[in-house]
Protein chains: 2
Amino acid sequence: MSLAVRLAYSNSNPPQRIRSAFQPPAKPSDPARTVTLLEHLRQLQPHALRQSLPRNHTVFAEGDSTDQVYELVSGVVRLAKHTPGGRRHVLDFVMPGEVFGLIENPEHTVTAETVGDAVIVSYSRGALERAAANNPVLRRRLVSHISDNLLTAQQQLLILGCQDAREKIASFLLRLAERSGLRTGNRLELAMGRQDIADHLGLTIETVCRTIRALHRAGTINVPNVHDVTLSDLSGLRALAVEI
Amino acid sequence: MSLAVRLAYSNSNPPQRIRSAFQPPAKPSDPARTVTLLEHLRQLQPHALRQSLPRNHTVFAEGDSTDQVYELVSGVVRLAKHTPGGRRHVLDFVMPGEVFGLIENPEHTVTAETVGDAVIVSYSRGALERAAANNPVLRRRLVSHISDNLLTAQQQLLILGCQDAREKIASFLLRLAERSGLRTGNRLELAMGRQDIADHLGLTIETVCRTIRALHRAGTINVPNVHDVTLSDLSGLRALAVEI
DNA sequence: CGCTGGTTTGAATTCTTTCAAACTATGTGG
DNA sequence: CCACATAGTTTGAAAGAATTCAAACCAGCG
């Protein structure tokens, strides 16, 4: 039985397979495979700075210069916007193997913070842009990266604008499963806290708790502990999320 | 007194000045001015097809081929996503002088429909891309266009995720004013109907009505008729939207 | 072992939605 | 030019979903 967790809306980042800490170029046996943005970065800047960061560490903040772009090696990063009044919206979570902080703007418009302990690699954006000037393939990757982010944001707008709490949680769990891969038995790890989820879905932490518990009691999911969820009824979950 | 309607978050499309139906290149007296994407399109394809469309006409739908990009000459276009269950979310409205339908994808991921009568010009995307291959400036415009859309979407996520009905309406009115320009006396034209606004802000049509009326009774705005709004208390409106 | 930060649960409140009906423009045909 | 039909908007009352406030609970940690 395939665990293929494909959402109706799979317009998020392409399924870059998660890769363990170092750079074994995945599948050399695939000659026609496109070279990813991440591979370009690694090849251009093989000695880029690698850092281990503690939880809740700010990688960059709104307004910071966008002179670096980052690879998330392990852990999870949240991208958020803050309001003058102190509200926060978590735009998205970054999963291992993904690039973040790449934007066509002199200053960051979002804040990036580690959720738990994380390892990141910093690449020079200047060097990246210079390489892109003479490399059409790389340019295409760069545009695709921004474009993917746009499509993801639009999908999220649909979720925030049209879904109720239960549907939002279902959509969130499915997208997370799709991106982070399921462990054995449809087990999914929730690196982020309930408050992060709430701020991502436009709910309160209490509503997130209650909704997760409701799904649990309905048998749709299983919640052995705060950081793990088992998607017991994948199709039931999809039915909720898809009536998107 | 300047009517400068600047939001705290002016990350929407750059303030391309609205231009009347034909192509007088605005300000030839400004040599250092950057050439806009629209000007590139016009110069590349001066004989592109111009069409007058009736209200509620579908320019393109989700899934359609992205072989054309469009200029909105007059009228308003809404960009929406539809769900299998029949729900709709209006991602954004396109104002005259703006380019829409440009996306890094073989198929459209949104539907574009005219709100009222509109005039559009269709440009070949293929020709645009070919021109971009040898034109770094044009390439930069293309990336900026997508990037601007991304920033706008992220701002909208913040609004949908963090604001209540009153704040949403205030934010909406201010952004509309910022983009479409205010007429005399802070008068703003609402080309779209209440249902469109509701679907854009994640509210119901009734809530939109009631909220607009509440703002009216509070003296923040004036609503002489359904299609016009006067922003009587601009700073009051900003205070609502900014506590974003 | 007691703190601390985070999560869960409960009860009351509030905001928004839902349902229903009235109202208003706009346009068509007589 | 009026009468009527229609689409869209506005208003009200009731219902519902999510939030707020408060307190209890739990897990990891010094």
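Below, chain A is the first sequence line, B the second, and so on; all start at residue 1.
By the side chain to side chain contact (heavy atoms under 4.5 Å, CB included) test, B:H57 pairs with B:L53, B:P54, B:T114, sequence neighbours left out. For A:D92, the salt bridge (Lys or Arg N to Asp or Glu O under 4.0 Å) criterion is met by A:R175, A:R179, not counting sequence neighbours. Residues satisfying the ring-ring contact (aromatic ring centres under 6.0 Å, His included) test with B:H89, not counting sequence neighbours, are none. Residues meeting the ring-ring contact (aromatic ring centres under 6.0 Å, His included) test with A:F60, sequence neighbours left out: A:Y70, A:H108.
Side-chain atoms of B:Q68 and B:Y123 form no donor-acceptor pair, as typed in the model, at a separation below 3.5 Å. Between the side chains of B:T109 and B:E62, not a single donor N or O lies within less than 3.5 Å of an accepting N or O. Between the side chains of B:S65 and B:E107, no donor-acceptor pair of N or O atoms lies under 3.5 Å.
With a 4.5 Å cut-off on side-chain heavy atoms, A:V121 and A:L49 do not count as touching.
Sorted by first and then second residue, the salt bridge (Lys or Arg N to Asp or Glu O under 4.0 Å) pairs involving residues 151-160 of chain B (not counting sequence neighbours) form an empty list. Residue pairs meeting the salt bridge (Lys or Arg N to Asp or Glu O under 4.0 Å) criterion with at least one partner in residues 150-161 of chain B, sequence neighbours excluded, do not occur; the list is empty. Note on residues 204-231 of chain A: pairs passing salt bridge (Lys or Arg N to Asp or Glu O under 4.0 Å), not counting sequence neighbours, are A:R187-A:D228. Applying the salt bridge (Lys or Arg N to Asp or Glu O under 4.0 Å) test to pairs two or more places apart or on separate chains, none has a residue in residues 153-164 of chain B.
In this structure, A:D196 places its CG atom 10 Å from P of C:dG6, rounding to the nearest Å. Between B:E167 atom CD and C:dT14 atom P there is a gap of 17 Å when expressed in whole angstrom units. Atom P of nucleotide C:dT8 and atom CD1 of A:I169 are separated by 11 Å, given to the nearest angstrom. Nucleotide C:dT4 holds its C1' atom 12 Å from the CZ atom of A:R55, rounded to whole Å.
Contacts of residues 208-224 of chain A with DNA chain C (heavy atom under 4.0 Å): A:C209, A:R210, A:R213. Annotation: proximity of residues 197-207 of chain A to DNA chain D (heavy atom, distance under 4.0 Å) is found for A:G202, A:L203, A:T204, A:E206, A:T207, numbered in ascending order.
Among the atoms of the strands shown, only primed sugar atoms or phosphate atoms (P, OP1, OP2) are found under 4.0 Å from some heavy atom of B:D164.
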| message | Is there a salt bridge (charged side-chain N to carboxylate O under 4.0 Å, His left out) between A:R88 and A:D196? Walk through the geometry before answering. | response | CA-CA 9 Å; A:R88 181 182 78 151; A:D196 287 337; 2.7 Å; yes
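Here the range on DNA chain D touched by chain B, meaning any atom under 4.0 Å from one of its heavy atoms, is D:dG8 to D:dA13.
Computed from C1' positions of five pairs at each end, the angle between the two local axes of the helix from C:dC1-D:dG30 to C:dG30-D:dC1 equals 30°, rounded to 10 degrees.
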